[in-house]
Enquirer: 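Next up is a structure, given as structure tokens.
What you see is a predicted model; the values in this text were computed from it and never measured. The basis for the numbers below is simple: all heavy atoms, side chains too, and nothing from hydrogens, waters or symmetry mates.
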Amino acid sequence: MLSRVFGFDRRPFDSLSEQEILALAISSEEDDARIYRSYAEGLRESFPQSAKVFDEMAAEEDGHRAALIELHRRRFGETIPLIRREHVRGYYERKPDWLVRPLGIEKVRTAAETMEAQAYRFNVEAAKRTKDASTRKLLGDLATAEQGHESLARRLDLAYTPESVKEEEAQTERRQFILTYVQPGLAGLMDGSVSTLAPIFAAAFATQDTWQTFLVGLSASVGAGISMGFTEAAHDDGRLSGRGSPVKRGLASGIMTAIGGLGHALPYLIPHFWTATIIAAAVVFVELWAIAFIQNRYMETPFLRAAFQVVLGGALVFGAGVLIGNA
């Protein structure tokens, strides 16, 4: 186990033969081409023009791999040793595709720039380790090509994604983010913050027992979070509405609902009733302000209008809870 963690079961780069260096370069180019194609497929539906950029990048990597295979065939024959980046200590790693999803435009472009910089450094170091003139030349040419991929990507951007298209894609990405995360999360935060006010403060003023009040708030918050999460995930699979993954929407809604309720339940862990109540009331104010801010920031609701709606609704529910608790 420790050998895997610290890389003791991997070979040092300096121990690789020239054949193994070529084999490593071949497998690396193949992996990078697959990653670029995966990026292209992930972007194609929402960002078709940017997907073309990564199709071209994948084709470039295929060309590099073909040149490396031909060189290996001339020097060492048809059998290519099985050696990959995870077999070499200190060699750069690539994140699995699912770790960089959702594929935002800027996130993918940044990942591609990192990939090219790492491939450039590998080819430079590999060229230093080889004595054969043809191998050194090819690796040097590939290093130059990898270094030039940034300009290639920019040229492809100009061809496929002019400023008008980039602006449209950025708006599409922002809209998708709002539909998948902001709207469900905002609905959950509003439900959790407002709907739990009445039971929590009713329990507080009825019992003046902070621990019992905390238990009521905890159960109300967690229950509301589970209910909102399952409701959001189950009522729309996102295919026709375009709202994105139901799992992501359900998690956003459920987690924010629970947070909204727990915010003013947690102060009741303080044993002193009035101290806990004053802090809980202050937390409610912050929660309502956050809701108004999110509505203004992402939903383009005028701030004063959003604040009035949220504060009015919160005040009514809070008042109802206090009245019921004192009845």
Enquirer: Would you compute the distance between atom CD1 of I21 and atom NZ of K128 and round it to the nearest 0.5 angstrom?
Expert: 12.5 Å
Enquirer: Under a 4.5 Å cut-off applied to non-hydrogen side-chain atoms, are D55 and R44 in contact?
Expert: yes
Enquirer: Does the side-chain contact (heavy atoms from CB on, under 4.5 Å) test come out yes or no for E56 and K52, once each step is laid out?
Expert: CA-CA 6 Å; E56 293 281 355; K52 293 180 182 178; 5.6 Å; no
Enquirer: Measure across R75 and S134 and return the closest heavy-atom pair with its distance rounded to 0.1 Å.
Expert: CD-OG, 4.4 Å
Enquirer: If every non-hydrogen atom of A265 is compared with every non-hydrogen atom of F214, which pair is closest and at what distance?
Expert: O-CD1, 3.4 Å
Enquirer: CG of L68 to CD1 of I26: how many Å apart, nearest 0.5 Å?
Expert: 5.5 Å
Enquirer: Using every non-hydrogen atom in the two residues, find where S15 and R11 come nearest and quote the distance to one decimal.
Expert: O-NH2, 2.9 Å
Enquirer: Take H87 and R84 through the side-chain contact (heavy atoms from CB on, under 4.5 Å) test and state the conclusion after the steps.
Expert: CA-CA 5 Å; H87 301 153; R84 306 182 70 84; 4.0 Å; yes
Enquirer: Restricting to ring-ring contact (aromatic ring centres under 6.0 Å, His included), what partner residues turn up for F273, sequence neighbours left out?
Expert: F205
Enquirer: What distance separates E29 CD from L24 CG, expressed to the nearest 0.5 Å?
Expert: 10.0 Å
Enquirer: I'd like to know if the side chain of T207 reaches the main chain of A203, judged simply by a donor and an acceptor atom lying under 3.5 Å from each other, with no hydrogens or angles considered.
Expert: yes
Enquirer: Same cluster or not: are V284 and L262 linked, directly or through other Ile, Leu, Val, Met, Phe, Trp or Tyr residues, by side-chain heavy atoms under 4.5 angstrom apart?
Expert: yes
Enquirer: Quick check: W289 with F285 (ring centres under 6.0 Å apart)?
Expert: no
Enquirer: Where the side chain of S38 meets the backbone of R34, is there a donor-acceptor pair that is under 3.5 Å apart?
Expert: no
Enquirer: So, D32 and R65, do they make that salt bridge, N to O below 4.0 Å?
Expert: no
Enquirer: I278 and L269: same hydrophobic cluster, using ILVMFWY side-chain contacts below 4.5 Å?
Expert: no
Enquirer: Apply side-chain contact (heavy atoms from CB on, under 4.5 Å) to residues I270 and T210 and explain how you reach the verdict.
Expert: CA-CA 7 Å; I270 300 171; T210 57; over 6 Å; no
Enquirer: What's the spacing between L22 CG and L16 CG if we round to 0.5 Å?
Expert: 11.0 Å
Enquirer: Group every Ile, Leu, Val, Met, Phe, Trp and Tyr by side-chain heavy-atom contacts under 4.5 Å, then state whether V283 and I200 land in the same group.
Expert: no
Enquirer: What's the separation between atom CD1 in I80 and atom CZ in R73, rounded to the nearest 0.5 Å?
Expert: 7.5 Å
Enquirer: Between L189 and I255, is there a shared hydrophobic cluster once you connect ILVMFWY residues whose side-chain heavy atoms come closer than 4.5 Å?
Expert: yes
Enquirer: Within the side chain of S253, is there an N or O that forms a donor-acceptor pair under 3.5 Å with the backbone of R249?
Expert: no
Enquirer: Please report the closest heavy-atom contact between S27 and I83, naming both atoms and the distance.
Expert: OG-O, 3.1 Å
Enquirer: Is there a donor-acceptor pair closer than 3.5 Å between any side-chain N or O of S219 and the backbone N or O of V216?
Expert: yes
Enquirer: From Y268 OH over to D209 CG, what is the distance, rounded to the nearest 0.5 angstrom?
Expert: 11.5 Å
Enquirer: Taking all heavy atoms of H72 and all of P81, pick out the closest pair and write down the distance.
Expert: NE2-CD, 3.7 Å
Enquirer: Can a donor-acceptor pair be found, under 3.5 Å and without considering hydrogens, that links the side chain of T257 to the backbone of G225?
Expert: no
Enquirer: How close do A33 and A58 get, heavy atom to heavy atom, and via which atoms?
Expert: O-CB, 3.6 Å
Enquirer: Within a strict 4.5 Å, meaning less than it, do heavy atoms of the Q183 and L186 side chains meet?
Expert: no
Enquirer: Please report the C-alpha distance between R37 and D62 in whole Å, then the side-chain angles of each, then the deciding distance to 0.1 Å, and finally whether the side-chain contact (heavy atoms from CB on, under 4.5 Å) criterion is met.
Expert: CA-CA 11 Å; R37 285 198 172 87; D62 286 341; 2.4 Å; yes
Enquirer: Check the hydrophobic clustering (I, L, V, M, F, W, Y; side-chain heavy atoms under 4.5 Å; chains of links allowed) and say if L266 and L215 are grouped together.
Expert: yes
